[in-house]
Structure formats: structure tokens, C-alpha cells
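Data block below; observations after.
Scope of the values below: all heavy atoms of this structure, side chains included, with no hydrogens, waters or symmetry mates. Chain letters run A, B, ... following the sequence lines, proteins first and then strands; every chain starts at 1.
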Amino acid sequence: MDGATTTTAGPSTEQRGSTRAPLAPHPARLLPSDPTQRAIARRLHDSVRDLPLISPHGHVDAALLDADQPFSDPASLLVTPDHYVTRLLHAHGVPLNELGLPDRAGAPVAEPREVWRTFCAHWHHFLGTATRQWLESELHDVLGVRWQPSAENADELYDELVAKLAEPALRPRALYESFNLAVLATTDDPADDLRHHRALAADPTWSGRVVPTFRPDRYLDATSGEWPKALEVLAEASGVDTGSYQGLVRALEARRDFFREHGATATDHGAPDPEMVFLPPAEAARLFDSVRSGTATPEDARTLSRQLLGENARMSSEDGLVMALHTGSFRNHHAPSFARFGADTGHDIPTRVDFTRALRPVLERFGTHPRFQAVVFTLDETAFSRELAPLAGFYPSLYLGAPWWFLDAPRAMRRFRDAITETAGFHRGSGFIDDTRGFCSIPARHDTARRVDAGYLASLVAEHVLSEQDAAAVLRDLNDQLPKRAFGL
Amino acid sequence: MDGATTTTAGPSTEQRGSTRAPLAPHPARLLPSDPTQRAIARRLHDSVRDLPLISPHGHVDAALLDADQPFSDPASLLVTPDHYVTRLLHAHGVPLNELGLPDRAGAPVAEPREVWRTFCAHWHHFLGTATRQWLESELHDVLGVRWQPSAENADELYDELVAKLAEPALRPRALYESFNLAVLATTDDPADDLRHHRALAADPTWSGRVVPTFRPDRYLDATSGEWPKALEVLAEASGVDTGSYQGLVRALEARRDFFREHGATATDHGAPDPEMVFLPPAEAARLFDSVRSGTATPEDARTLSRQLLGENARMSSEDGLVMALHTGSFRNHHAPSFARFGADTGHDIPTRVDFTRALRPVLERFGTHPRFQAVVFTLDETAFSRELAPLAGFYPSLYLGAPWWFLDAPRAMRRFRDAITETAGFHRGSGFIDDTRGFCSIPARHDTARRVDAGYLASLVAEHVLSEQDAAAVLRDLNDQLPKRAFGL
Amino acid sequence: MDGATTTTAGPSTEQRGSTRAPLAPHPARLLPSDPTQRAIARRLHDSVRDLPLISPHGHVDAALLDADQPFSDPASLLVTPDHYVTRLLHAHGVPLNELGLPDRAGAPVAEPREVWRTFCAHWHHFLGTATRQWLESELHDVLGVRWQPSAENADELYDELVAKLAEPALRPRALYESFNLAVLATTDDPADDLRHHRALAADPTWSGRVVPTFRPDRYLDATSGEWPKALEVLAEASGVDTGSYQGLVRALEARRDFFREHGATATDHGAPDPEMVFLPPAEAARLFDSVRSGTATPEDARTLSRQLLGENARMSSEDGLVMALHTGSFRNHHAPSFARFGADTGHDIPTRVDFTRALRPVLERFGTHPRFQAVVFTLDETAFSRELAPLAGFYPSLYLGAPWWFLDAPRAMRRFRDAITETAGFHRGSGFIDDTRGFCSIPARHDTARRVDAGYLASLVAEHVLSEQDAAAVLRDLNDQLPKRAFGL
């Protein structure tokens, strides 16, 4: 650009990104700045800050706690496995292999130190994101870092963190204790033998609670080319022939029983949309046979998938496993990246979802059923006020899932409370769900939710909608009674 | 949950719900807590707090004021008939028959005192809801209650309220006066003989203004199995043969005339979506005949319903009755509850609505017509900024309806103002519409709207978008000129 | 309305609209009223208030600066050509011909003084709108007006402004300098010979930078009856036979080259939705032939339009012109007004748009392409958090366009920041785009955006999400580096 100079402004974020700045999360962070509200919010937050963490849904692996091996380095811990982090670095032009992701196309995979340097050089691109909030807390509170990452201090920080991660206090089981976790649910394949859950349960030196969650997506998704192979895997795990619709149903039921015996209280489903169908058995069987034999249309395969999802709802009404529904994500949006780097690499993109019509069949059957319980999540926040709060405001079996994925950030969580509370109150929700793959981010995520809820409640107290005592009682419920009840814990 | 204790937090809401707490709505409730904004908001609210209430659309029955009988008890007044209240209690596991709703399946219907006890025991579940705000105001301001309902004081409160409701000051006509109502519109079936409206008009002891509203849904919904019977009812009421399309049109016109003669200024329509079609007369006649004879497809029946809605728009352009459109509610979502308890029992669930395309045919015909006037409501708040404000910002015949139903709550009303004002200003809306079935909630609902609008305007004054004098003038318009003009009062 | 008096409230806006009130925009306007936030916001705003304005997309005509003729009167400058203004006056019952718009139906067209009187009499109807904010700034800062327009002072103001507009300081080139514009992009037809851009470039007395933008809508919209004629126009301008698909492609490429040679850095597309298709060449050729010969279905024509849009994406990946996508507007919604007054007269109405599915084909091809760059705009703000921030948070080639049209207003811009930042940060957006037809509104629009962003950042600083130094650096980036990079300037 010619002819124009920019003299009045200070440095750009890129210029600042190469200088040393302190890392010191403020005690009142994420609380409202209005003094009336902040004073209330601080008291409310203080009243729940030491409550044990209940984590009824997430993606931490039970093997992590079973093995209890030290973490090796900050890149492998905080960057490479976290698609919240890798996606934004990718958006700023960093290929995924340079972030440590193995590339089926054969591009060289960066070493952890190099990944860490790349991450630190892009630290300013995370300004304002939820990811930066969590990372600042993790770095400061869990890992003892006192300087913001930068291009300049990347190597120094890397060495410091490699040394620190070798300490006993930063091994997984020690962290579980220091995080004050009361319960941690994992997400598991129905064919999993749950050996790590069993090992933990049998270990007299371990006093935590780690429960599995039954996630049968690959066995229900009849539209996938991998489905026939999945049926074989399930047959082997269950000892039940999955060559017929009834066989598949019995195999799933057997694995649900196995999961329940090992502590599971919930199933989890990641379908593209929440539609379920409930066909007569003979029709379901015919559909199964035609899809399995390769003679069905794509629409038939989709119908069968919805039938199988509905079948799982029916099973929940019988065995009491809570049905968590995570729908509305267009998985693996960028086929070339999926081909090279696989799933969960940052390009699952939300879509619009209509719940009112889609959930009607299951709610007509089980919406007032005494044993059935569903927790419904959305990435389409317009559904909160329009559909989900009204549905949860009538159907006793339906709980409003906490803001999920792209929405589990301070302002989005605030919008969620604004959108649902006036219709459904506070007690028709699930309480906070961290849903994280980052073990070390668990305390930061829960604390963020507690701060946001404290701030929201403080705004209601300051506007005389409810008393501070009632607000404190609500905040306690949100962090204690609600997640326990929603997930049957 | 084992191994975790929760020692720092105070009592849960359930524990608090069984104790005695004062009921004392704060004078500044629902106003912003920022001191600058609050001072302005209080002055603004004060300037309109005594303006007469204009209620151009609602569901209070004219018979209530005609008969002027005392209300019997608090459960029959505040709980059983209010689907805002019953739906949330139902969501917390209370069957509708236990809330006093007659059950066609024969379950025992709870007595009012028992209903009241149930309601009081669940009072904490209403924390944060709009319903609790209204009920607190009604209980305090209209009924003189000074304690929050609780499981402990339910019986005491019940007895106190039964006694109080027998007092002359709490009979419907006395309340109409003390509410400072200037006009109250009811919602009526076209076949209604309006006897109560006529009786009130003829009563020299009555000086209020109660006008009917023409709501022809059942005669326009050709998809319903009840439609043929409805045509017979209309034929009898109008004295016009409804056995042909033109006959139905003439019968509707006759009843519109009758309603206008008795003070109606508006019609109201509760279609699933706002689509209208305008077929040539011969085609409409053929469609009518095929639907009536049972030979039409469901799609034909839907088209005929849309044709009849369009025909009512045409009538409005001729007789000047304002056309209120309430669309986007999926009525009677839970068929088993509908079968047992009938309509309006809490499971009408909003759906997404596209107005831009749906309203085009009617706006092309009547969007600049000098006599036509429509007030459009939505339960899909995404339409406010995207579609309705732009439409109302061009078409002189289209007015933006106030936030409706699930959206008539403080934060939702605030979002409404935020969403529409920058595009459409303040003067393309309807002003506040209470749309209530709860007679005693009318003052609370209007006061809530005045507070929210005062707070919104105060935020604009505090951010120097407009002057406080302009804000006061706008607030006056919202509560006086706008609803009168939008509904032709 | 009988029986009710309105004694407590002050005057209505209409009454106030006829009285004299000062026009004095407050220095802290549009900044948060919370004292903590305001102090930060003022410092942040101060740090960027003198940065040169970068205007990479808009609708000012290069002829205006080439000719440098004085503006004649305030109505022709501020009212008649601005569809933001005319649409709201039309909504308040003013026919478009009374606003100076030539009427093909022959109604008399009002003279500028009369148009100005009408505008002034309706000034109170703009309270709270973005348009009023811009007009207040233009009137005060550019035109030196010190009184709010009113029915009373309309003539006086008109005379004052006619005199003032004749002064040299208010001629277009002088305004360009005083606005501190660094670059101004126009929007141009591919057949345009860019004579005004060339004249400016060749003029030694002119030191500004005015670049064209390639907007090929009419050549891509194969659904339009005007398309065959457009092909002829393009053939003549390019010297390439457009009678075949490949010919049309070559003609477009030739004109893109011509535009690039004269400074263009971007193309702009106003399709109804963002869907693109990528057919094999032979299939595209067949489709072109069938549409051109009039034998194709409307669906075929739509597919061809999407193919041509995709072809432009492919061209961008080769010639490096940034692809700006403005989709989701239902153009010319009111056919009778279009027939009488033509396009861009206030009834382009937004519709819902799904980006996740629609953009997949182009992003699979070019989402990680090193030369391809797209800036995506929406009128459906629900897409910000749900689709556009997640897409821009993964694909390096996709930039989030600034809030556009109905959304380029203070509260809407604030919602935009709230919706995107937590997912995509600050650096995946385009920075502010004024997109205006009103030359004199450019400084007001940029200043509004700077104020809103300063206020948003101040709220994050006050909540300890980022430091004030980081906020200042972000604000500088938003107004300097980001628009330059997004539009290749």
C-alpha cells in the first residue's frame, strides 16, 4: 500500500509476539467488570471453587491413568493431540505434519521441539480464543510457567517443561488427585475389553473413579464403507453373530451389559443429525439385509442408521444407560486432509440442526418414560432458545447438554445461559461437561465454566432477579447435583 | 458418587426451597446494574410506569369480565390454566393430572390444594425463568403475598389466598380497573356469538373496553380431520352455505363483518408457517372440492390452507382488520399427552421459519397496500435481524410483532431490541403484546417490558447514541402510539 | 382509544421531531458505559483514530473522483442514492418517487428540496439505527451542521448545505484527502473500460489510490433473461467469442487480466448462495449450450451459474485475485417496486445460508491452495459461530468477511466479535469493510468500527482475557495488516 503511513499506533501483535511478557492469570478473570456484579461473582465463584470436579463425558484415555507414565514434552502434551490448537495453526498456514501429525502422504513429521517453536511463534494468533484461556491456566497453574510463550523463549520453555514433566507430581495419577476429580468418564468402543478400566478397579493403590462410556457410532453408521468390517469386530467382541438385524441388536445389548458391569452409566452418539426411526422388526431386518448385501440405496443406509440409533434409545429405556447425543458436526470436511492425516484433525465443521421435528419420534415413545434419559448437545446455538429449552422445559427425559466444542468458551457459555434460562430454568441442564482430549485442561475448563456461571448469576442478582443466596445454591447444583443426575452418576 | 465430598458450598436449591424466604420485588429489578445506565433507566421507567396498559392481543376470556365472579383459589388461578407453569413442572416429573388437568385416560385429577403444594415444592425450579418474575409480581403486587412459596408454607399460603380472592377488590372487573387497562383484546372463534362482549358493551356499570379478535384457524386448516365439521359450525353461525370455496369465503367475510361491528380491529392466525398462496378462483374452488370430498393429497390440503390464509390477507386489505400472524409453533408435539390432556398443555415447540420467501407473495400483493396491515410474530429469534427487521424496514404494511411466548422474557426482549433496532428503528414494531392467558399477569408482563425497554434505551443513552429526552419519547411511543397504530385501536 | 389518558409521559418522538435540538456527537459515543471499560476503550480508540482508512470493498464510483465535481445538494448526496435511508422512509409510507427516485410508471419525482423536507420530517424514525449514527457524523464532522434535522429547520439546513457543498474543501478529491484514505476499491463491471481509473492513474495532480474490483455477476447468472445479452456485451469488451463455455471462460480471464493490469486485487460475487460446482469440461460445455439455446431447465441454469462461480474460484487460484463472496440476499423482493424503480432500492432481503455444505467443493479443491484466497460475507449472523468461524479456523485460504449490510451496525458488529473470536481469534478476519455507496459516510463507518472493536477489546481487557498492550496491537492489526492481507493490497 503506497502513500499511507501508520504512525500513531503501537506495535502489531506479531511484533509483540516476539517479546517477553509475563504470564499471570488474574484472580478475577472472566468475571464481569461492573463492580457490583464482580463483587457478587467473586463471592459466588469462591463458594464453589473447591468443589470436586465431575467429568461425566470426555476423551481422556483410561490407559493414561492405568500406565501412569510421565508426559514426555510440551508439544506432545499440549499441541499435537489437541485439534483445537492444530486447526488454528493450520489456518495460519502451518501444514499438519509440521505440528507432529503423521502424514500418510509421506511429508516429514516435525520433531516435538520444532512443533513447540511453531506453536510459540503463533501464540499471538490465539489471543481472544478459549484455547488460549485454557492453555494459560494449564501453563501457569499445572506446569508452573510464568512467561507467555513467544518465538524468543520457545527453546528455553521447552527445556524447562521437559524437565518439569519428569517430576512425580506431574504424572497422570498425581494430577488426577491434584485436579480434585471425583469421577472421570472415558469414551470407548463397544468392542473394547476395558482392560484399563478393569486394571484401575483392581489396583489397590488407585482410589479414583474412571468409568467407561459406550460409543457405538461405527456399528450404527450403515452409510460407511467400514460398516461391514465393524460388524465383524463386534461379533468377535460379543460372541454374537451380527449377520442379522436381531443379531446386531443382541450384540450391542451384550456389550452395553458388559460396559454397565464395568461402571458405565451412559452411551454417547455422534450421528450427523438427531433423527431416529422406529420401524417394525421385519422391516428393520429387511433393511439390514439389503444394506449388508450391498443392494440398498444410500437413503436406505441412512434410514438403517437412524433405526439403529432409535434402537439404542429403546435399549436405554430398558437398561437405564443415559443416552448422550452429539449431533450436527460435518466430520472430516476437507477430504484431502482426512486422507493424509485421518480423523479429528480440525476440520469437523458444525451444521444447522432441527431438533423439534427430528426428536419427535423418540420423545413420543420415551419422552415421559421413567427409565429413559437423554442429554442433547448442539453446535447450532440457535437451537438453544428455539428448540432445546422448550423441549427440555416439557419432557422430563430430556436434559440440555452443556455448550459443546466450539461453544464451550466464555462468551458462548454466557449466551447459552441467556438463551435457555428464561424458558427452562437452571435445573433442566446437564451442568458443565468438559468433553476434552486434553487431560491437563480439565481444571481450567471447569474453572472457566464456574466463572462464567458465577458471572451470569451475579448479573441476575445485580438486576434483582434472584437473591445471592439463591444464586449460590444454583451454582452449587450446577456443579454437583446436576451432572450427577443427568449422567446417572 | 464415591470418594468426593462437597464441603465448601452452601445449601442446594432444594434445601433452600423448604425454608422461609421473603418475597419483595426490588424497585430497580430488571434494570441494568451499571450505575450510569441504572440512573437513566429508572428515570425512563418512571416516566411511563403509570401509562395505561394497551393489550391488543391475548387470551383472557371476555366471560371472565362479564361474569365478574371471584377467583376460587391460587392453584386454579395461577397454576392449572397456565401452560408456562405446568410445562416446567411436567419437565420435573409431575404428571399433568397432578396439576389439575383432566385426564381422558382416567388418572385421578389432583385437588387445587394438592396442586398448590406441588407447585410450591417446585418453586426453586422456576429460578431465573420469566414465569417466576411474573408470578413474584402477581403474588406481591396483586395478591399481597410477602413470602416466597415453599414446601413449608404451601398450606398457609393457600388458605391466605383463598380468603383474599373472595374480596371484592380481587374480582375481575375491579382488577381491570386497578391494572389501569385502557383496552383488552380477546381471541375468539369466528362462530362465537360474542355474547359476553355484547353484554359488557350494554352494561352501564362497566366502562372498560374489551374487543374481540377474529381467529379462524380451525376453518382454514384443511389438513385437519376436524375441518369438515368446522365448516358446518361456520355455516350455522354465518347462515352461509360453506359447501363451496366461495361459500366459505363469504361465510368468513360475514363473520369478520360481525366481529368488526362488535369492536374487533384485528384477526389472528396460528398457522404452522407464514406461507400463503393466491390461486385463481377456479383453481381454489377445485382444490376446495377435492379436499372436502376426501380425494386430495396432504400436499393439496396444505395448499388449500395457505390459499385460505392468503384469502384472509385479501379480506384484510378490504375491511381493514389488522392481520396478526403467529407462526412457527409445532403444536401438540407429544401425541400421548395431547390424547390425554388436549391442546395448550405445554408441548407446543418452536421450529425454524423462513419469512423472506414465505411472505413474498402476500407482500408483493399487499406490501404497499394502503389498507393492509400485518403484524408478524416469530418464535425463531434468528429471523429478527436477518429477515423481519429488513422486511419491516421496507414494507409499510408490515409491523414487527413483539417477542412472543418463549421470547417474552427480559433477556430475550433485550436481544430482540438489539437485533431489530439498528435496521428498523423503534417505530416499525407493534409495541409490547402480552398475549397472556393469565389475567393477573398482565400488569407484571407490561411492567417487565417497560423495564427492559427502559434499560435498553438507557444503554443507548449511556453510549451517547441518543439523548435521554429522545429515549423518553421513544419509550412513550412504544407504550402508547405504537400498539394503537399496529392494531388499529 | 377511549377512556384512557396518558398524562405522566413527556412528548412523543413525533412532537420532539418538530423542535430544534443540538447535533453534537459525543467523544465517547459507542464506547461501553462501564467506567473501567470506557477508560480502556478510549485509550484503545485514541491509538488507532488517526490510522489511514483502508477501503478494500465498496460502491463509490471512480468517476466521482475523476470528475471531482461539487455535490449539488444534501438530498442528492445523502438521501436519494442511499437505499439504507430510502428503505426506512418507504417503510414509513413515503413512495420512492417522493424521495427522488425516477419512476418508470411515471409518477412525479420530487425535487431535492422536497426530498430533504421529507427526510427531515422523518428524522426521528431513524433513532437507534446505524444510518442515523453515520448521518449524524457526516452532518457534523464533514458538513459542519450543528442542529439535528427537523421538520422546522429543513429549509434552513438545505440552503446552508447547498452553499457549503460548493466550497472546494467539500469536493470529492479534497474529501478523499481529508478522510485520510490510503486506498479505495470500487466495484466494476467486467466490460467496463476503467477509463476513470486510468485517468486518475495518469493524472499527476492526483496522489490517491483507487483500484477497481471485478464483479462479474451478470455474466455468471445463467438464470437471468438478461444473460444472453450480457454474453454479447462481454464478447465486445473482451474481443473473445462468448458463444461457447470455453469462450466465456477465456473472455472472463481476459477481463480479469485487464483489471489486474489496472490495479485490481479482488473479484466480488453477489450470488444468491455460495454453492459452486466443478463439472468436467465437456459437461460444462454441454450445459452452457443447452442454457444458451433455451432448452435447459431452470435447475440446469442454476447449475451452470454455480459452475461459473466455481470457474472463477479456479481462476483466482491461478491469477491470485482475492474472491469476495457476498451471498444470501434475496434481491428485488418486491417485484412492483423493482418494475417501477429498478434495483438497489431497499428491498433486497436476507435469507438463511448454509456455508458448511455449500463451500465444501471449493474448499476441498482450493482450501489449502497457496494462491487462492476467499473472503466470505454473510447476512445470516447465525453462521458466524456455527460455520464461518470454524471454517476460517481451519482453512488458510478462507477469511471471515466483516459484518455486512444490515449487520454493519454497532451492536451487530459487537455480536460478530462475540460470535467469532473465541473460535477463530482476531486474525482470520478481513478487518473492517465499509461496502458503502455513500462517499461521505466512509470516515463515519470506519470510526464506528474502530469504536466497537475498541469497546469489545476493552471488555476483554477488563475481564482479564488479554492485556491492554495486546488489545492495542490487535486493534492496530484490525485496521492495518488485516484488510491489506485479506484483499491482497
Side-chain angles (χ1 to χ4, degrees), chain A residues 1-16 21 25-35 87-88 90-95 124-130 132-133 330 333-337 346-352 379-382 406-407 409-412 415 455, chain C residues 34 36-37 46-52 54 180 182-183 207-209 352 354 356-357 360 363-364 367-368 382 385-387 389-396 398 418-419 421-428 459-460 462-467 469-470 472-477 479-481 484 489:
Chain A
M1 198 189 66
D2 50 4
T5 51
T6 60
T7 52
T8 56
S12 68
T13 54
E14 193 173 344
Q15 288 161 343
R16 278 186 56 75
H26 194 281
R29 65 187 178 281
L30 303 178
L31 302 183
S33 67
D34 171 69
R87 67 170 180 74
L88 198 55
H90 182 266
H92 282 285
V94 184
H124 61 289
H125 286 140
F126 289 88
L127 281 166
T129 64
R132 175 138 169 170
Q133 291 292 303
F330 191 119
H333 193 262
H334 190 236
S337 291
H347 45 104
D348 296 346
I349 309 292
T351 59
R352 200 165 38 76
L379 297 169
D380 176 357
E381 58 182 315
T382 70
F406 298 99
L407 303 175
R411 299 283 171 109
R415 295 196 297 273
Chain C
D34 171 68
T36 311
Q37 293 188 24
D46 281 348
S47 76
V48 296
R49 68 182 312 153
D50 295 329
L51 280 183
I54 297 161
N180 196 19
V183 59
S207 63
R209 183 179 178 199
R352 198 165 39 76
D354 294 323
T356 300
R357 286 189 178 85
R360 195 178 185 220
L363 290 171
E364 287 211 314
T368 58
T382 70
S385 77
R386 188 182 57 226
E387 305 180 22
L391 287 167
F394 176 77
Y395 288 103
L398 189 149
D418 254 353
T421 306
E422 294 177 322
T423 288
F426 290 101
H427 292 87
R428 299 294 308 138
S459 78
L460 296 184
E463 292 171 8
H464 311 291
V465 170
L466 41 72
S467 69
Q469 295 97 312
D470 279 335
V474 166
L475 192 57
R476 182 204 157 134
D477 291 354
N479 287 284
D480 180 17
Q481 182 201 106
K484 288 181 194 167
L489 288 163

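- The closest side-chain donor-acceptor pair between A:Arg411 and C:Ser459 falls under 3.5 angstrom.
- The distance from atom CG of A:Asp34 to atom OG1 of C:Thr36, rounded to the nearest 0.5 Å, is 8.0 Å.
- Nearest heavy atoms, A:Ser33 versus C:Glu463: N-CG, 4.4 Å.
- Closest approach of C:Glu387 and A:Pro350 over heavy atoms only: CG-O, 3.7 Å.
- The distance from the CG atom of C:Leu391 to the CZ atom of A:Arg87 is 10.5 Å, given to the nearest 0.5 Å.
- The candidate from A:Gln15, A:His124, A:Gln133, A:Arg132 with the greatest count of non-hydrogen atom pairs under 4.5 Å with chain C is A:Gln133.
- From C:Tyr395, atom OH reaches atom NE2 of A:His90 across 8.5 Å, with rounding to the nearest 0.5 Å.
- Heavy-atom neighbours of A:Arg29 CZ from other residues, nucleotides or ligands within 6.0 Å: above the threshold of 12.
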Run the side chain to side chain contact (heavy atoms under 4.5 Å, CB included) test on C:Arg360 and A:Ile349 for me, step by step, so that the C-alpha distance in whole Å, both residues' side-chain angles and the decisive distance to 0.1 Å come before the verdict.
CA-CA 10 Å; C:Arg360 195 178 185 220; A:Ile349 309 292; over 6 Å; no
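- Contacts between A:Phe406 and chain C at a heavy-atom distance below 4.5 Å involve backbone atoms as well as side-chain atoms.
- Of the inter-residue distances, the one linking A:Glu14 atom CD with C:Arg476 atom CZ reads 10.5 Å to the nearest 0.5 angstrom.
- Only the side chain of C:Asp477 comes within contact range of chain A, with heavy atoms under 4.5 Å apart.
- Looking at A:Ser12, both its backbone and its side chain come within 4.5 Å of chain C, counting heavy atoms on both sides.
- Counting heavy-atom pairs closer than 4.5 Å to chain A, the top residue among C:Leu466, C:Asp470, C:Asp354, C:Leu398 is C:Asp470.
- Contact annotation for A:Leu379: only backbone heavy atoms (N, CA, C, O) come within less than 4.5 Å of a heavy atom of chain C.
- Proximity of C:Arg386 to A:Thr382: side-chain heavy atoms (C-beta onward) are separated by under 4.5 Å at one or more points.
- For chain C, the nearby parts of A:Pro410 are the backbone and the side chain; heavy atoms of each come within less than 4.5 Å.
- Contacts between C:Glu364 and chain A at a heavy-atom distance below 4.5 Å involve backbone atoms as well as side-chain atoms.
- Judged by distance alone, with hydrogens and angles left aside, the side-chain atoms of A:Glu381 form no donor-acceptor pair with the main-chain N or O of C:Ser385 at under 3.5 Å.
- The ring of A:His333 has its center no closer than 6.0 angstrom to the ring center of C:Phe394.
- Closest approach of C:Glu422 and A:Ala409 over heavy atoms only: OE1-CB, 3.2 Å.
- Interface residue A:Arg352: backbone and side-chain heavy atoms are both found under 4.5 Å from chain C.
- Within the 4.5 angstrom heavy-atom criterion, atoms from both the backbone and the side chain of A:Leu127 approach chain C.
- Residues C:Val465 and A:Leu30 meet the side-chain proximity criterion, which asks for heavy atoms closer than 4.5 Å.
- Both the backbone and the side chain of C:Asp418 have a heavy atom closer than 4.5 Å to some heavy atom of chain A.
- With a 4.5 angstrom heavy-atom cutoff, C:Ser467 touches chain A only via side-chain atoms.
- Across C:Ala419, C:Ala462, C:Gly425, C:Pro390, the residue that shares the most heavy-atom pairs under 4.5 angstrom with chain A is C:Pro390.
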